[in-house]
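Since the structure comes first, as structure tokens, the remarks are kept for the end.
A quick note: this is a predicted structure, and the numbers were derived from the prediction, not measured.
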Amino acid sequence: MSVKKIESALNLIEIAENNLKTAKTLLLQLSGDRAVRAPSADTQRMYPGTRSSEESTALEVVEGYFEGESMIGDNGKTYLVPQNYASKTQLVVGDRMKWILTPEREVFKLIQPVNRERVTGTFAIEGDNFVVLVDKFSNPIKILKASATYAIKQLSLKPGDEVAVYIPKDTENPSWGAFINIVKASSNEASVPSTEQSNESIPAELDALNEFKLDDENSKQDTEKDFF
């Protein structure tokens, strides 16, 4: 097993333990309630066991957990999540998801968000990785390339800027975070990959940003065209 998979597994275990504690607390709070209301339609859409329109014609449906770039299915398989959907939905490690294979396409859906918290740190580029450095964590927090390149192109993000990201709540050393926004621009003139360099360093993403638009979750989930 690779080091990356071991780290992902440990992160998921830590998140699962935190979720169990939260669930236990909730059950204790509800134990005295004599009447329990049926869940609303909005609540049902957020939890496993409900069926979407895509599932009615699905060839296969798999549930699993988001691990930063992919969904780790309950069947042990790995499913690469389109970066446009992951960025737009601001997925964090531990989010419960569904992979739905229909006759026309494959669709990913967030069905149960993990508890998350907002932290701020310094944006940096380390090799091929776009990261956020947060003082209280020993390791840099990676953010998706699609999120970073969009912010570089459209929001003038550059290394040294203070940014906000979502991470799983109560995680000691999160490996991945979801980019939210720029909190404060730095005063330095740190360089970022230019459009000319993007063909080698960040292929496809910068060119694709010229066609950026906000899709709903029922649109085609295509990593080559749309981000967020």
Side-chain angles (χ1 to χ4, degrees), residues 1-2 4-5 8-9 11-12 15-16 19 38-116 128 130 142-151 153-154 166 168 175-179 198-199 202-228:
M1 182 180 289
S2 67
K4 181 179 178 180
K5 288 185 177 180
S8 297
N11 281 334
L12 291 174
I15 291 166
N19 284 341
S40 66
D42 289 339
T43 302
Q44 290 175 348
R45 281 197 295 269
M46 297 300 293
Y47 287 89
T50 60
R51 293 175 61 84
S52 64
S53 59
E54 287 87 357
E55 289 181 74
S56 62
T57 59
L59 302 175
E60 186 177 1
V61 178
V62 177
E63 293 189 9
Y65 286 97
F66 187 63
E67 60 83 42
E69 292 179 295
S70 303
M71 184 191 88
I72 307 300
D74 294 343
N75 58 6
K77 295 182 179 180
T78 299
Y79 302 82
L80 184 63
V81 178
Q83 289 211 0
N84 65 322
Y85 177 73
S87 297
K88 176 181 68 175
T89 314
Q90 296 178 329
L91 296 177
V92 302
V93 173
D95 281 345
R96 188 75 176 166
M97 306 182 66
K98 281 183 181 179
W99 171 79
I100 305 169
L101 179 63
T102 73
E104 296 81 22
R105 62 190 178 122
E106 61 177 12
V107 178
F108 288 87
K109 288 184 178 292
L110 172 63
I111 57 175
Q112 187 175 1
V114 72
N115 291 332
R116 63 236 294 131
D128 294 331
F130 298 90
K142 289 186 285 187
I143 60 175
L144 292 171
K145 185 182 292 185
S147 300
T149 53
Y150 170 77
K153 183 75 172 181
Q154 302 295 333
Y166 284 130
S175 56
W176 285 91
F179 176 81
S198 67
N199 290 333
I202 41 178
E205 280 83 358
L206 284 178
D207 290 337
L209 290 168
N210 293 325
E211 303 176 17
F212 168 77
K213 64 178 181 294
L214 182 63
D215 290 341
D216 62 36
E217 68 174 358
N218 294 319
S219 64
K220 184 178 180 181
Q221 296 181 359
D222 184 348
T223 59
E224 295 300 321
K225 291 187 178 179
D226 303 311
F227 304 109
F228 291 78

Legend entry - Interatomic spacing from CD in Glu63 to CE in Met97 - rounded to 0.5 Å: 11.0 Å
Inset, instruction - Please list, chain by chain and in numerical order, all residues satisfying ring-ring contact (aromatic ring centres under 6.0 Å, His included) with Tyr79, sequence neighbours excluded. - result: Trp99
Legend entry - Interatomic spacing from NZ in Lys109 to CE in Met71 - rounded to 0.5 Å: 13.5 Å
Legend entry - For the student: nearest non-hydrogen atoms of Ala146 and Gln83, plus distance: N-OE1, 2.8 Å
Inset, instruction - Say whether, by atom type as modelled, one donor and one acceptor occur between the side chain of Glu67 and the main chain of Ile72 under 3.5 angstrom. - result: no
Legend entry - Nearest-0.5 Å distance that lies between atom OG in Ser147 and atom NZ in Lys142: 14.0 Å
Legend entry - Euclidean distance, Lys77 NZ relative to Ser70 OG, rounded to 0.5 Å: 14.5 Å
Inset, instruction - Apply the side-chain contact (heavy atoms from CB on, under 4.5 Å) test between Trp176 and each candidate in Leu91, Ile143, Val93; give the one that qualifies. - result: Val93
Legend entry - Ion pair Arg96/Asp74, N-O distance below 4.0 Å: yes
Legend entry - Expected output: side-chain Asp95 to main-chain Pro113 donor-acceptor under 3.5 Å: no
Inset, instruction - First locate atom CZ of Phe66, then atom CG of Leu110, and finally report the distance between them rounded to the nearest 0.5 Å. - result: 10.0 Å
Legend entry - Spacing of Glu55 atom CD and Lys98 atom NZ [to the nearest 0.5 Å]: 3.5 Å
